[in-house]
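Comments concern the structure below.
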Amino acid sequence: MSQVRVRFAPSPTGFFHIGSARTALFNWLYARHTGGVFILRIEDTDKERNSDQFLNLIYDSLHWLGLNWDEGPKVGGEFGPYLQSQRGAVYREYLEKLKATGRTYEKDGATWFKLIGERSEVFDDHRKKTVTKVKTAPTVIDDLIRGRVERLEDEDFVIVRSDGNPVFHFTNVVDDIAMRITHVIRGEDHLSNTSKHVELFKAFGVPVPQFAHIPLILKQNGPGKMSKRDQGALIEEYQKRGFLPAALVNFLSLLGWNPGGDREKMPVEEIVRLFDLPGVNQSNARFDDKKLAHVNMLYLLELPPDTFVEKARQYFEAQHPDAPALKAKAAYFRDVMLLSQPKIKGLEELPAYTAYFFTEDYVVDPKVREKVMAKGDPKARLHELIGALAVFDFSTDSAIEDSIKNLGGRHNLAFGDYQAVARLGVSGTNAGPSITGMFRLLGREKVEERLKRLLGS
RNA sequence: GCCCUCAUCGUCUAUCGGUUAGGACAGGAGAUUCUCAAUCUUCAAAGCGGGGUUCGAGUCCCCGUGGGGGCACCA
């Protein structure tokens, strides 16, 4: 069997969203799984809506997700150019071929594709106009995911507009022929178009590629498929929020596909090894940001320290360039980030989660403050802590723990009696990493200063 | 309106005619503890309805219902 050649063919007419990303991913996975070729083709024939900004977004998003293409813009290939806007000559050549078969005609200045069969005029009361129906046999589509699908294509359709520009159905099919595409993997929203495409392939006298129509991703809340306007739809957004691409890829691969059994968290190499078209589901999947957040956390937790610190720094630099954290010493930044790594679900939590390590101007949660100061005798505890700080051993977490325990022992109290008020004092809140770690990193002076400030306020 | 398509816990899904219908996310309870997470234990949670086929159906077929998509000189 010849080599698999698949393509991802987006239009640069809007933001790059989760549905497009998954279509790209499934194509890429199939190419990698079969040792085939993954082609990127830009369908930029809509001159009104195209933009370079959206084009670059496609490149950036694919790069970020790790979906490298073997042929396409920037990397070239023997079937280029890979931007439809540059393929006018190819379309003219194929149009002549089609005209030679007698399967086209001109009407109203446009070129139409002619179906074979008896014609009759029928009034379509949904579209409120008279249309010409062609009596013909249904088109059969053998879909790798949906099985045998029959659809009646019974109206001629435009392939070249009166302004001379070829339409999507035509360019799409011509390019799939010219680029030797073997498998068309795309969203189910194209299933209804497929009968047009199959008729074109047949008219050109070429073999019809294998089709695989993947289910759509439905919006999290409310009806309908996910679109660019929906909350959580944009890849760019996940990139900005510091999600790990590996996590997003893993999550996306599981939306509509699974390897069978209970496996969920898999490195991408494993997904490539297991992925196959018959394993793709037939039903639409609803997007779930909670699950994505969970997968992201799993990947974050297992990141090696150096990698985590690097990712954290990149996140700060990209999204919070003015954060005091970036002005701190590298070793201190590292210590703070590593102390926080096991506690957060996403990098985007980091700035707020670690703010008090880098500034004296951190927020004190009034509710927490009220709650902590109302319980027991916090002022006495603060006094005791401040008094003992000078003899505390700040060298390690366990030394600090022992110091607090010793202090407690002298007052017939336990570690826990100091925990809440100390935490409020040094961080302004009640949630955070271990109090001993916080003491150690902040150091004796700052701890003392902050505890005194709380006592005096 | 017409055409296509899909249907298991709230969500993502496993099950290749015979299972106490399994897992994960989310939710509840508990354990741990230095708060919050994480982690561990645990609870609750599903075969859309109706007909067939079969010894036996979530699984195959039909009808209904519901969801999704499409019906342009957009892609």
Side-chain angles (χ1 to χ4, degrees), chain A residues 9-14 43-46 48-50 84 107-112 124-127 131 138 141 143 145-147 149-155 157-169 171-172 187-195 213 215-218 220 223-225 251 254-265 281-295 297-298 300-301 340-345 349 353 368 372 397 400-401 404-405 414-424 427 429-438:
Chain A
S11 297
T13 55
E43 306 217 328
D44 53 349
T45 55
D46 186 342
E48 300 299 308
R49 296 195 295 148
N50 286 334
Q84 289 192 329
K107 191 176 97 183
D108 305 330
T111 307
W112 295 65
D124 182 320
D125 43 44
H126 185 63
R127 283 182 285 172
V131 296
I141 302 151
D143 195 281
I145 293 168
R146 336 212 61 107
V149 177
E150 273 189 26
R151 190 171 180 281
L152 187 64
E153 195 60 50
D154 63 354
E155 281 177 42
F157 53 92
V158 171
I159 52 175
V160 180
R161 288 185 270 268
S162 47
D163 65 3
N165 288 311
V167 307
F168 159 74
H169 303 298
T171 58
N172 192 266
E188 200 216 48
D189 48 345
H190 285 292
L191 190 54
S192 306
N193 290 328
T194 306
S195 47
H213 286 94
L216 301 179
I217 298 175
L218 269 29
Q220 186 152 245
K225 66 171 173 172
F251 170 78
L254 257 16
L255 224 48
W257 170 82
N258 76 82
D262 296 338
R263 295 214 55 188
E264 291 203 333
K265 183 170 176 294
N281 290 118
Q282 300 181 302
S283 49
N284 295 337
R286 202 166 289 278
F287 181 77
D288 182 359
D289 62 353
K290 292 250 177 51
K291 184 124 183 180
L292 171 58
H294 179 258
V295 175
M297 181 197 71
L298 295 180
L300 221 42
L301 281 177
S340 309
Q341 180 180 11
K343 313 283 287 183
I344 56 161
K345 286 192 165 208
E349 294 174 27
Y353 196 80
V368 173
V372 171
D397 282 10
I400 295 169
E401 189 176 339
I404 297 178
K405 278 181 178 164
F415 183 100
D417 293 308
Y418 296 95
Q419 191 275 132
V421 71
R423 182 176 294 281
L424 173 67
S427 75
T429 183
N430 63 348
S434 88
I435 188 73
T436 53
M438 286 163 55

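Values reported hereafter were calculated over all heavy atoms of this structure, with side chains retained and with hydrogens, waters and symmetry mates removed.
Of the candidate nucleotides B/rC4, B/rU13, B/rG69, B/rG69 has the atom nearest to the side chain of A/Asp189. Here B/rG23 is the nucleotide among B/rA75, B/rG68, B/rG23 with the atom lying nearest to any side-chain atom of A/Asp262. Among the nucleotides B/rA24, B/rA26, B/rC73, the one closest to any side-chain atom of A/Asp108 is B/rC73. Comparing atom distances between the A/Arg151 side chain and each of B/rA7, B/rU39, B/rC3 picks out B/rC3 as nearest. Set against B/rG23, B/rG68, B/rU35, the side chain of A/Leu218 has B/rG68 as its closest nucleotide.
Residues A/Ser283 and A/Pro215 share a closest heavy-atom pair of O-CB, 3.2 Å.
Under the 4.5 Å side-chain criterion, counting only non-hydrogen atoms from C-beta, A/Leu191 is in contact with A/Arg146. At least one side-chain heavy atom of A/Leu216 sits less than 4.5 Å from a side-chain heavy atom of A/Asp189.
Of the nucleotides present, B/rG70 is the one that pairs with B/rC2 by Watson-Crick or G-U wobble criteria, both distances under 3.5 Å. Base pairing analysis places B/rA14 opposite nothing; no Watson-Crick or G-U wobble pair with both distances below 3.5 Å involves it. Across all strands shown, the partner of B/rC60 is B/rG52, judged by Watson-Crick or G-U wobble contacts whose two distances both fall under 3.5 Å. Nucleotide B/rU35 forms a pair with no other nucleotide shown, judged by Watson-Crick or G-U wobble geometry with both contacts under 3.5 Å. Figure legend. B/rA7 is base-paired to B/rU65; pairs are counted as Watson-Crick or G-U wobble with both atom distances under 3.5 Å. When both distances must be under 3.5 Å, the Watson-Crick or G-U wobble mate of B/rU41 is B/rA29.
Comparing B/rU15 with B/rU20, their C1' atoms sit 15 Å apart, to the nearest whole Å. For the P atoms, the distance linking B/rC12 with B/rG68 amounts to 13 Å, nearest Å. Only the P atoms considered, B/rU54 is 30 Å distant from B/rG22, to the nearest whole Å. Nucleotides B/rU8 and B/rG66 have their C1' atoms positioned 15 Å apart, rounded to a whole Å. Spacing between B/rC40 and B/rA45 at atom P, rounded to whole Å, works out to 23 Å. With P as the reference atom, B/rG58 and B/rC48 are 10 Å apart, rounded to whole Å. Separating the P atom of B/rC62 from that of B/rA7 is a span of 13 Å, rounded to the nearest Å. Rounded to the nearest Å, the gap between the P atom of B/rC2 and that of B/rC9 is 29 Å.
Dashed line: the shortest gap from a side-chain N or O of A/Lys345 to OP1 or OP2 of B/rA26 is under 4.0 Å. Contact between the side-chain N/O atoms of A/Asn281 and the OP1/OP2 oxygens of B/rA14 is found at a separation under 4.0 Å. Side-chain N/O atoms of A/Lys225 include one lying less than 4.0 angstrom from OP1 or OP2 on B/rG70. For B/rC6, the OP1/OP2 oxygens have a side-chain nitrogen or oxygen of A/Gln282 closer than 4.0 Å. Taking 4.0 angstrom as the limit, A/Asn284 places none of its side-chain polar atoms (N or O) nearer than this to OP1 or OP2 of B/rC6. The phosphate of B/rC73 (OP1 or OP2) has no side-chain N or O of A/Ser162 nearer than 4.0 angstrom.
A/Leu216 comes within 4.0 angstrom of sugar-phosphate atoms only, judged by non-hydrogen atoms across all strands, and of no base. Within 4.0 Å (heavy atoms only), A/Gln220 reaches no atom of the nucleic acid at all. Among the heavy atoms of the strands lying under 4.0 Å from A/Arg286 are primed sugar atoms or P, OP1, OP2 only; no base atom is included. Within the 4.0 angstrom heavy-atom criterion, base atoms lie near A/Pro433. Residue A/Gly109 is classed as having no contact, given no heavy-atom separation below 4.0 Å to the nucleic acid. Among the heavy atoms of the strands lying under 4.0 Å from A/His190 is at least one base atom, whether or not backbone atoms are also near. Across all strands, A/Gly187 comes closer than 4.0 Å to no nucleic acid atom at all (heavy-atom distances). Contact annotation for A/Thr13: no contact, since no heavy-atom pair falls under 4.0 Å across all strands.
Between A/Thr13 and A/Ser11, the side chains place no donor N or O within less than 3.5 Å of an acceptor N or O (distance only, hydrogens not considered).
Residues passing the ring-ring contact (aromatic ring centres under 6.0 Å, His included) test with A/His190 are A/Phe168, sequence neighbours excluded.
Regarding A/Glu264, its CD atom lies at a distance of 16 Å from the P atom of B/rG22, rounded to whole Å. Atom CD1 of A/Ile145 is separated from atom C1' of B/rC4 by 16 Å (rounded to the nearest Å).
Counting only distance, with no hydrogens or angles, the side chain of A/Arg423 and the backbone of A/Ala431 share no donor-acceptor pair below 3.5 Å.
Mapping A/Lys405 and A/Pro223 onto RNA chain B by nearest heavy atom places A/Lys405 at the nucleotide closer to the 5' end. When each of A/Arg49 and A/Gly432 is assigned the nucleotide of RNA chain B bearing its nearest heavy atom, the one mapping closer to the 5' terminus is A/Gly432.
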Working note: A/Lys345 + A/Glu349, criterion salt bridge (charged side-chain N to carboxylate O under 4.0 Å, His left out); need CA distance, chi angles, decisive distance, verdict. CA-CA 7 Å; A/Lys345 286 192 165 208; A/Glu349 294 174 27; over 6 Å; no
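Within 6.0 Å of NZ on A/Lys107 lie more than 12 heavy atoms contributed by other residues, nucleotides or ligands.
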